[in-house]
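Everything quoted here is computed from the prediction, not taken from an experiment.
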Amino acid sequence: GVARALVAAADRHPLDDHALAHLGAADVVLHGCRAALDAAAGEIDADPVDSRGAGERRAARVRALAEQAATEVMARVGRALGAGPLAQDGRHSRRVADLTVFVRQSHAERDLARIGALVLAGGAGW
């Protein structure tokens, strides 16, 4: 929803190259997050009881990717559009506030450190 503010801005006036670059970057990060969620869903469907013990690492990875995507999208929309949408569009400002709360629930580097420990315990897998 936050990224849609860029599309809505394009409906009102042509986006300059910088705003288009921010929109493109938001699309890339959101596509990557969607792909990770789809892959995780497929892995869960293939092993619903987590017999391979991959669930903790998978969940931590997806949460970290979602947090990174949310942070990047908020930053890019803000850089492309400035403060206007936050001040003038109540729905957009509520979305940003809700997303900020989600991001703040992350344990940031502690979560990434746990993923690192899981990598060492189970092999990189990449």
Side-chain angles (χ1 to χ4, degrees):
V2 171
R4 287 190 195 104
L6 281 167
V7 176
D11 289 342
R12 292 187 299 278
H13 55 80
L15 298 180
D16 66 19
D17 288 344
H18 294 283
L20 285 171
H22 288 300
L23 177 58
D27 176 71
V28 169
V29 72
L30 290 171
H31 177 78
C33 192
R34 169 71 57 113
L37 287 165
D38 289 345
E43 292 169 14
I44 292 166
D45 289 345
D47 185 14
V49 296
D50 194 28
S51 61
R52 293 189 313 243
E56 180 184 5
R57 184 170 166 191
R58 176 178 46 245
R61 281 175 166 168
V62 172
R63 278 193 306 268
L65 279 167
E67 185 253 336
Q68 289 174 354
T71 299
E72 183 164 351
V73 166
M74 285 189 296
R76 289 192 172 274
V77 170
R79 288 170 64 184
L81 300 179
L86 288 172
Q88 299 168 357
D89 182 347
R91 288 175 39 188
H92 177 73
S93 62
R94 282 189 298 278
R95 284 186 188 114
V96 170
D98 289 347
L99 200 50
T100 301
V101 170
F102 165 76
V103 169
R104 292 291 54 98
Q105 291 176 23
S106 166
H107 297 111
E109 283 72 19
R110 281 183 284 174
D111 289 347
L112 295 175
R114 179 63 185 148
I115 293 169
L118 291 168
V119 168
L120 292 178
W126 26 261

- When hydrophobic residues are tied together by side-chain contacts of less than 4.5 Å, even through go-betweens, does Val73 share a cluster with Val62? no
- Query: Quick one: are Leu118 and Arg61 in side-chain contact, heavy atoms under 4.5 Å?
  - Reply: no
- Message: Between Glu72 and Arg76, does any NZ, NE, NH1 or NH2 come within less than 4.0 Å of an OD or OE carboxylate oxygen?
- Response: yes
- Query: Considering only heavy atoms from C-beta outward, does the side chain of Asp111 approach that of Glu67 to under 4.5 Å?
  - Reply: no
- If you group Ile, Leu, Val, Met, Phe, Trp and Tyr by side-chain heavy-atom gaps below 4.5 Å, do Phe102 and Val77 land in one group? yes
- Pair His22-Leu81, side-chain contact (heavy atoms from CB on, under 4.5 Å): steps then yes or no: CA-CA 10 Å; His22 288 300; Leu81 300 179; over 6 Å; no
- Show the numbers, then the answer: is there a side-chain contact (heavy atoms from CB on, under 4.5 Å) between Arg57 and Val119? CA-CA 8 Å; Arg57 184 170 166 191; Val119 168; 3.7 Å; yes
- Message: So which atom in Leu6 and which in Ala19 form the shortest heavy-atom distance, rounded to 0.1 Å?
- Response: CD2-O, 4.4 Å
- Look at the side chain of Arg12 and the backbone N and O of Ala8, then say whether any donor-acceptor pair between them is shorter than 3.5 Å. yes
- Summary of side chain to side chain donor-acceptor pair (under 3.5 Å) pairs that have at least one residue in residues 89-98, sequence neighbours excluded: none
- Item | Met74 reachable from Val7 in the ILVMFWY side-chain graph, under 4.5 Å edges | yes
- Message: Test of understanding: clusters of I, L, V, M, F, W, Y form through side-chain heavy atoms closer than 4.5 Å, transitively. Do Ile115 and Leu37 belong to the same one?
- Response: no
- With sequence neighbours left out, write down each residue that passes side-chain hydrogen bond (donor to acceptor under 3.5 Å, both in side chains) with Gln68, or none if nothing qualifies. none
- Message: In the structure I gave you, are the side-chain heavy atoms of His107 and Leu112 within less than 4.5 Å of one another anywhere?
- Response: no
- Message: Run Glu56 and Arg114 through salt bridge (charged side-chain N to carboxylate O under 4.0 Å, His left out) and show every step you take.
- Response: CA-CA 10 Å; Glu56 180 184 5; Arg114 179 63 185 148; 2.8 Å; yes
